[in-house]
There are 2 protein chains.
Amino acid sequence: MANQPAQPYNLPAEATLEVIGGKWKLLILCYLNCGPMRTSEFRKEIPDLSQKVLTQSLRELEEAGIITRTVYNQVPPKVVYEMSELGNSLRTILDQLGEWGEYYIEARK
Amino acid sequence: MANQPAQPYNLPAEATLEVIGGKWKLLILCYLNCGPMRTSEFRKEIPDLSQKVLTQSLRELEEAGIITRTVYNQVPPKVVYEMSELGNSLRTILDQLGEWGEYYIEARK
DNA sequence: TTCTATAGGAACCTTATGGTTACTTTGTAC
DNA sequence: GTACAAAGTAACCATAAGGTTCCTATAGAA
């Protein structure tokens with residue numbers, strides 16, 4: 001139960017992994033990279049992703065400032081998620097992770 | 001207990017995160033980026049990293065083909081770890097993760 | 001007036017990951 | 001012959017992350 005140090009990371013790169021890490025966040029960001037999405041659209045596109053983990057992941061991405069959440073005051077509810085400025089700055093990284101992943105999968109065959 | 005699908009990833013980028021993910025792997029790779037290291041050197045440099053998690057992480061990186069392990073047949077034992085070719089191909093990614101992490105930490109202040 | 005659609009919360013369980021402690025092996029130095 | 005060094009392994013525990021099921025609110029449609 002030690003207090004958190006001023007800088008909780010050994011390396012800045014860990015901050016990046018903390019933001020995009022987790023089982024589904026990359027996939028969520030990948031969809032948002034193509035444009036805004038509502039919750040129900042995520043549910044249809046990624047049926048294996050449970051409601052709970054979806055909203056949890058979206059909340060964390062929102063708190064990290066990577067995506068924005070817009071609530072339309074209507075019934076039934078409508079909530080739209082999209083990339084923020086900060087989120088867009090991640091694009092290069094996401095692309096590179098994908099490229100190296102392809103290379104790696106190929107190299108391991 | 002479902003069988004693994006042919007491709008266990010939704011995205012190739014997930015393969016990358018699987019390789020470098022975990023609490024200590026980035027740090028380990030960061031040290032190896034500067035040159036070969038023996039186990040005892042890791043223990044001194046990263047005292048918060050337990051023996052168990054260290055060897056476990058090194059094993060996984062080795063299985064991923066990212067690092068190599070060389071055992072010298074002597075007593076007391078001597079084991080040296082270093083980056084492989086494949087490991088070196090990760091360098092750009094690691095750098096970018098670090099750069100974005102710095103940017104992000106700054107942007108969040 | 002009952003049903004539907006949408007987004008989410010609450011309670012609970014399971015598994016993965018990380019951490020701790022104690023033990024092992026074996027040649028050399030004291 | 002005892003102690004030490006290096007690189008582990010084994011058994012165990014704690015916490016985090018992910019997953020399941022059921023519940024809620026509310027306007028309009030049937």
Side-chain angles (χ1 to χ4, degrees), chain A residues 1-5 8-11 14 17-29 31-32 36-64 67-82, chain B residues 1-5 8-11 14 17-29 31-32 36-64 67-82:
Chain A
M1 219 82 47
N3 302 14
Q4 291 213 335
Y9 307 116
N10 289 301
L11 301 167
E14 290 170 18
L17 289 197
E18 195 168 271
V19 169
I20 64 178
K23 196 160 168 184
W24 298 101
K25 285 189 190 162
L26 278 180
L27 193 56
I28 289 171
L29 290 175
Y31 276 104
L32 289 180
M37 289 252 286
R38 327 182 29 175
T39 311
S40 53
E41 292 174 313
F42 279 115
R43 307 279 295 126
K44 273 166 211 147
E45 295 283 345
I46 322 177
D48 283 353
L49 170 55
S50 71
Q51 169 83 57
K52 178 196 152 188
V53 174
L54 172 62
T55 52
Q56 191 174 287
S57 304
L58 289 168
R59 289 288 177 286
E60 287 168 15
L61 290 169
E62 192 197 354
E63 269 157 41
I67 66 173
T68 63
R69 175 171 181 268
T70 310
V71 180
Y72 292 81
N73 204 2
Q74 61 187 49
V75 169
K78 176 179 174 182
V79 177
V80 173
Y81 296 91
E82 57 194 305
Chain B
M1 219 87 37
N3 302 14
Q4 291 212 336
Y9 309 114
N10 289 301
L11 301 166
E14 291 171 18
L17 289 197
E18 194 167 272
V19 169
I20 63 177
K23 195 159 167 186
W24 298 101
K25 285 189 190 161
L26 278 180
L27 193 56
I28 289 171
L29 291 176
Y31 276 103
L32 288 180
M37 289 253 285
R38 334 183 23 178
T39 311
S40 52
E41 292 173 313
F42 279 115
R43 307 278 297 125
K44 273 166 213 148
E45 295 284 345
I46 323 176
D48 283 353
L49 170 55
S50 71
Q51 169 83 55
K52 177 197 152 188
V53 174
L54 172 63
T55 52
Q56 191 174 287
S57 304
L58 289 168
R59 289 288 177 285
E60 287 168 16
L61 290 169
E62 192 196 354
E63 268 157 41
I67 66 174
T68 62
R69 176 170 182 268
T70 311
V71 181
Y72 292 80
N73 205 2
Q74 61 187 51
V75 169
K78 176 178 173 183
V79 177
V80 173
Y81 295 92
E82 57 195 306

- Minimum side-chain heavy-atom gap B:Phe42-B:Leu32 below 4.5 Å: yes
- Message: Counting only side-chain nitrogens and oxygens, does B:Arg59 get under 4.0 Å of the OP1 or OP2 atom of D:dA7?
- Response: no
- Message: How many whole angstroms separate atom CG of A:Leu58 from atom P of C:dA7?
- Response: 11 Å
- Task: For DNA chain C, determine which residues of residues 70-77 of chain A have any heavy atom closer than 4.0 angstrom to one of its atoms, and list them numerically.
- Result: A:Pro76, A:Pro77
Nucleotide N/O to protein N/O under 3.5 Å, stretch nucleotides 16-21 of chain D:
residue, atom, partner, partner atom, Å
D:dG18, OP1, A:Lys23, N, 2.8
D:dG19, OP1, A:Lys23, NZ, 2.8
D:dG19, OP2, A:Trp24, NE1, 3.0
D:dG19, N7, A:Lys52, NZ, 2.8
D:dG19, O6, A:Lys52, NZ, 2.2

- Message: For a 4.5 angstrom cut-off between non-hydrogen side-chain atoms, does A:Leu49 reach A:Ile28?
- Response: yes
- Message: Applying side-chain contact (heavy atoms from CB on, under 4.5 Å), can you list everything that pairs with A:Val80, at least two apart in sequence or on another chain?
- Response: A:Pro36, A:Arg38, A:Tyr72, A:Lys78
- Message: Tell me the interatomic distance from A:Leu17, atom CG, to C:dT17, atom C1', rounded to whole angstroms.
- Response: 15 Å
- Report yes if the side chains of A:Lys25 and A:Leu61 come closer than 4.5 Å at any heavy-atom pair, otherwise no. yes
- Query: How about A:Glu14 and B:Lys23: do any of their side-chain heavy atoms sit closer than 4.5 Å?
  - Reply: no
- Query: Which angle, rounded to 10°, do you find between the first-five-pair axis and the last-five-pair axis of the helix from C:dT1-D:dA30 to C:dC30-D:dG1?
  - Reply: 30°
- Query: About how many Å separate CG of A:Leu17 and CD1 of B:Ile20, when rounded to the nearest 0.5 Å?
  - Reply: 5.0 Å
- Message: Please determine whether side-chain contact (heavy atoms from CB on, under 4.5 Å) holds for the pair A:Arg43 and A:Leu54, giving the CA-CA distance in whole Å, both sets of side-chain angles, and the decisive distance to 0.1 Å.
- Response: CA-CA 8 Å; A:Arg43 307 279 295 126; A:Leu54 172 62; 3.8 Å; yes
- Task: Measure from CG on B:Leu54 to P on C:dT20 and round the result to the nearest Å.
- Result: 14 Å
- Query: Partners of A:Glu62 by side chain to side chain donor-acceptor pair (under 3.5 Å), sequence neighbours excluded?
  - Reply: none
- Query: To the nearest angstrom, how far is B:Lys25 atom NZ from C:dT17 atom C1'?
  - Reply: 11 Å
- Task: Check DNA chain D against residues 38-46 of chain A and give the residues with a non-hydrogen atom under 4.0 Å, in numerical order.
- Result: none
- Whole Å only: how far is the CD atom of A:Glu18 from the P atom of C:dT17? 17 Å
- Task: Check whether any side-chain N or O of B:Tyr81 sits under 4.0 Å from OP1 or OP2 of D:dA7, and answer yes or no.
- Result: no
- Message: My understanding is that only residues two or more places apart in sequence, or in another chain, count here; which of them pass salt bridge (Lys or Arg N to Asp or Glu O under 4.0 Å) with B:Glu82?
- Response: none
- Item | For B:Glu18, all residues meeting side chain to side chain donor-acceptor pair (under 3.5 Å), sequence neighbours excluded | B:Tyr9
- Message: Holding to side chain to side chain donor-acceptor pair (under 3.5 Å), I want the full list of residues that pass it with A:Glu41, two or more places apart in sequence or in another chain.
- Response: none
- Query: Roughly, in whole Å, what's the span from CG in B:Leu26 to P in C:dT17?
  - Reply: 16 Å
- When rounded to the nearest 0.5 angstrom, what is the spacing between CG in A:Leu11 and CH2 in B:Trp24? 10.0 Å
- For A:Thr55, what residues pass the side-chain contact (heavy atoms from CB on, under 4.5 Å) criterion, not counting sequence neighbours? A:Gln51
